[in-house]
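Take a look at this one; I'll ask things after.
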Amino acid sequence: MSQNSLDYQYMSRAIQLAEKGLYTTQPNPRVGCVVVANNEIVGEGYHQQAGGPHAEIHALNQAAAKARGATAYVSLEPCSHQGKTPPCADALIAAGVSRVVCAMQDPNPLVAGKGLEKCQQAGISIESDLLQAEAELINPGFIKRMKTGLPFVRLKLAMSLDGRTAMASGESKWITSESARADVQKLRARSSVVLTGSGTVLADNPSMNVRISAAELATPVEPHQPLRAIIDSDLKVPLDSNIFQQSGQTLLFSTQQAEHAITLPEKNGKVDLTAVLKYLADQHQANEVHVEAGSELCGALLEQKLVDEIVIYMAPHIMGDSAKGLFHLPGLQRMSERIGLEIKEIRPIGKDWRIIAVPMYC
């Protein structure tokens with residue numbers, strides 16, 4: 001097998017390892033590392049949780065003396081700065097590896113090429129951008145936050161075959177099957193924040209917490225409870241609502257002053273949604289924001305081009321003309337104003353279908 005093919009094979013393994021940290025590394029990126037000597041994997045590891053050893057450290061510890069003269073394959077550029085843990089670039093240099101191959105450079109301005117440069121200055125051969133697109137898929141939120149200052153926003157929606165989300169009365173439990181609802185728990189678990197609106201809290205009194213175990217997620221580390229956040233421009237949500245009674249923190253964003261609320265600027269009479277996302281990124285290092293809300297908040301996010309991905313669970317039943325639709329978008333009047341979508345995936349989840357789409361903004 002050629003060296004080229006082997007490089008792809010080992011980097012694929014590093015990316016596979018990185019995915020093991022999907023539910024547990026917030027606010028850090030998910031990273032995997034493989035150490036190879038004489039075409040044999042002698043050490044591998046992945047970043048499991050913030051504050052713990054990075055992927056390179058796990059792999060180097062496993063490789064021990066065999067790391068000297070070996071190649072390290074890393075799904076993200078080794079860090080070069082002192083954070084909660086020492087720089088991984090220093091660890092690779094100290095271990096005596098002769099070559100570092102990374103899938104992508106770190107978008108974090110504190111690193112941004114400096115880790116590779118430090119390794120190169122120490123005499124280590126450097127290669128980058130191997131399987132970059134695949135590596136980027138693991139960390140969409142971290143990459144976006146580092147590049148734009150905003151988190152990756154994912155809308156989760158459930159609808160009937162005729163595109164309805166609730167009956168005219170507001171009744172919406174349960175549109176989809178238990179299998180689909182279990183799948184949603186995985187989306188929540190990988191997120192930094194679960195965001196909803198006051199209408200959803202008032203109508204359904206949801207908990208919006210993660211109710212899935214480490215065993216079910218196939219990870220040795222218990223999934224974190226994402227921060228919960230409510231858009232409540234007019235301070236309608238009672239403080240004894242279920243969402244405030246769960247473990248972890250719940251934030252409430254409003255345009256009005258209140259001791260229990262975070263007051264932000266308004267836009268069109270409502271809380272400025274960009275300001276909310278900026279606050280979550282700046283104050284809570286939020287990488288991925290998972291939105292479960294009604295048609296008004298979902299429509300506003302989409303209309304303001306703040307949505308990066310839409311996950312729709314479609315159930316095999318009909319709810320009729322009077323039932324509520326997915327998005328409130330009164331501004332769309334002509335065919336030319338349609339918001340296009342690129343369908344990334346369609347697959348069955350139990351009796352339902354899961355559709356993953358990306359908005360194609362003009």
Side-chain angles (χ1 to χ4, degrees), residues 11 14-15 18-19 21-32 46-47 50 54-56 74-84 87-89 100-119 126-155 187 190-193 195 226-227 229 264 272-291 301-311 339-342 344 356-362:
M11 185 59 77
I15 291 172
E19 291 173 341
L22 190 66
Y23 306 105
T24 58
T25 65
Q26 163 66 27
N28 292 351
R30 299 122 183 174
V31 185
Y46 67 97
H47 183 43
H54 288 189
E56 296 93 325
V74 195
S75 63
L76 183 70
E77 176 184 4
C79 61
S80 58
H81 65 291
Q82 177 72 47
K84 291 183 178 179
C88 292
V100 170
V101 182
C102 74
M104 60 176 289
Q105 289 193 14
D106 194 328
N108 185 346
L110 292 174
V111 184
K114 296 173 186 174
L116 293 178
E117 183 181 359
K118 179 179 272 194
C119 289
I126 296 298
E127 295 174 37
S128 63
D129 303 335
L130 178 65
L131 298 181
Q132 179 177 339
E134 289 82 353
E136 288 176 345
L137 289 175
I138 306 170
N139 290 302
F142 180 77
I143 293 168
K144 186 183 177 188
R145 178 165 68 89
M146 289 299 158
K147 288 185 175 181
T148 70
L150 295 175
F152 183 94
V153 176
R154 179 183 292 111
L155 298 189
L187 292 180
R190 68 171 288 168
S191 302
S192 314
V193 179
L195 176 67
L227 183 69
L264 292 178
D272 186 326
L273 297 177
T274 300
V276 170
L277 297 176
K278 189 81 168 67
Y279 182 95
L280 293 172
D282 291 347
Q283 301 301 317
H284 294 277
Q285 297 179 284
N287 292 329
E288 298 182 24
V289 172
H290 171 89
V291 181
L301 286 164
L302 191 60
E303 188 175 44
Q304 294 175 39
K305 301 182 179 181
L306 296 172
V307 177
D308 297 288
E309 183 177 89
I310 303 172
V311 180
I339 298 171
L341 300 175
E342 180 183 354
K344 293 292 187 179
I356 299 179
V358 174
M360 304 300 289
Y361 301 119
C362 297

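All figures in this text were calculated on a predicted structure; none of them were measured in a lab.
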Output a table of donor-acceptor pairs, distance under 3.5 Å, between side-chain atoms of residues 143-151 and any protein atom two or more places apart or on a different chain; print 'none' if there are none.
from, atom 1, to, atom 2, distance (Å)
Lys144, NZ, Pro151, O, 3.2
Lys144, NZ, Asp308, OD1, 3.2
Lys144, NZ, Asp308, OD2, 2.8
Arg145, NE, Asn287, OD1, 2.7
Arg145, NH2, Pro27, O, 3.4
Arg145, NH2, Asn287, OD1, 3.1
Thr148, OG1, Lys144, O, 2.8
Thr148, OG1, Leu150, N, 3.1

### Euclidean distance, His290 NE2 relative to Leu155 CG, rounded to 0.5 Å
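Here the interatomic distance stands at 9.5 Å.
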* **Under 3.5 Å donor-acceptor, Asp272 side chain and Ala275 backbone** =>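 Pair found, side chain donor or acceptor close to backbone of Ala275.
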Atom CD of Gln304 and atom CG of Leu277: how far apart are they, to the nearest 0.5 Å?
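Here the rounded value is 9.5 Å.
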**OP:** Using the six-membered ring wherever Trp is involved, compare the ring planes of Tyr279 and His284 and label them parallel, tilted or perpendicular (cut-offs 30° and 60°).
**Re:**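 Tilted: the ring planes of Tyr279 and His284 meet at 30° to 60°.
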Heavy-atom distance under 4.5 Å between the side chains of Ile310 and Pro359, does that happen here?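 They are in contact (side-chain heavy atoms under 4.5 Å apart), so the answer is yes.
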query = Between Asp106 and Phe142, is a side-chain contact (heavy atoms from CB on, under 4.5 Å) present by the stated rule, with each step listed?
reply = CA-CA 10 Å; Asp106 194 328; Phe142 180 77; 3.5 Å; yes
Q.
With a 4.5 Å cut-off on side-chain heavy atoms, are Pro226 and Val193 touching?
A.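 Val193 does not reach Pro226 side chain to side chain.
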Approximate separation, where rounding is to 0.5 Å, of Leu273 CG and Leu301 CG: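 That separation rounds to 5.0 Å.
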| request: For Gln132, check side chain to side chain contact (heavy atoms under 4.5 Å, CB included) against everything at least two apart and list the hits. | output: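 For Gln132 the side chain to side chain contact (heavy atoms under 4.5 Å, CB included) partners, ignoring immediate neighbours, are Met104, Asp129, Glu136.
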Provide the full list of salt bridge (charged side-chain N to carboxylate O under 4.0 Å, His left out) pairs with a residue in residues 22-32, sequence neighbours left out, each pair given once.
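Qualifying pairs: Arg30-Glu288.
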Should Ile356 and Glu309 count as side-chain neighbours, where that means a heavy-atom distance under 4.5 Å?
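Answer yes - side chains close enough.
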Exercise. If you look at every heavy atom in Ser80 and Val111, which pair is closest and at what distance?
Worked result: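 Result for this residue pair: OG-CA, 4.1 Å.
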**Q.** Nearest-0.5 Å distance, OG of residue Ser191 to OH of residue Tyr23
**A.**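 Going from the OG atom of Ser191 to the OH atom of Tyr23 covers 10.0 Å.
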#### Entry: CD1-CG distance between Ile15 and Leu137, expressed to the nearest 0.5 angstrom
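CG of Leu137 is found 9.0 Å from CD1 of Ile15.
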Between Glu77 (side chain only) and Leu116 (backbone N and O only), is there a donor and an acceptor less than 3.5 Å apart?
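Yes; at least one donor-acceptor contact below 3.5 Å.
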* To do: Mind checking the OG-CD spacing from Ser75 to Glu56? Nearest 0.5 Å is all I need.
  =>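 Answer for the OG-CD pair, Ser75 versus Glu56, is 8.0 Å.
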Do Arg190 and Arg154 make a side-chain contact, defined as non-hydrogen atoms from C-beta onward lying under 4.5 Å apart?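 Arg190 reaches Arg154 side chain to side chain.
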- request: For residues Tyr361 and Leu306, determine if any side-chain heavy atom of one lies less than 4.5 Å from a side-chain heavy atom of the other.
  value: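 The answer is no, as the side chains (C-beta and beyond) never meet within the 4.5 Å cut-off.
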Indicate yes or no: at least one non-hydrogen side-chain atom of Val358 is less than 4.5 angstrom from one of Leu341.
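No. Closest side-chain heavy atoms not under 4.5 Å.
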**Prompt:** Under a 4.5 Å cut-off applied to non-hydrogen side-chain atoms, are Glu127 and Val100 in contact?
**Reply:**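 No, side chains not in contact.
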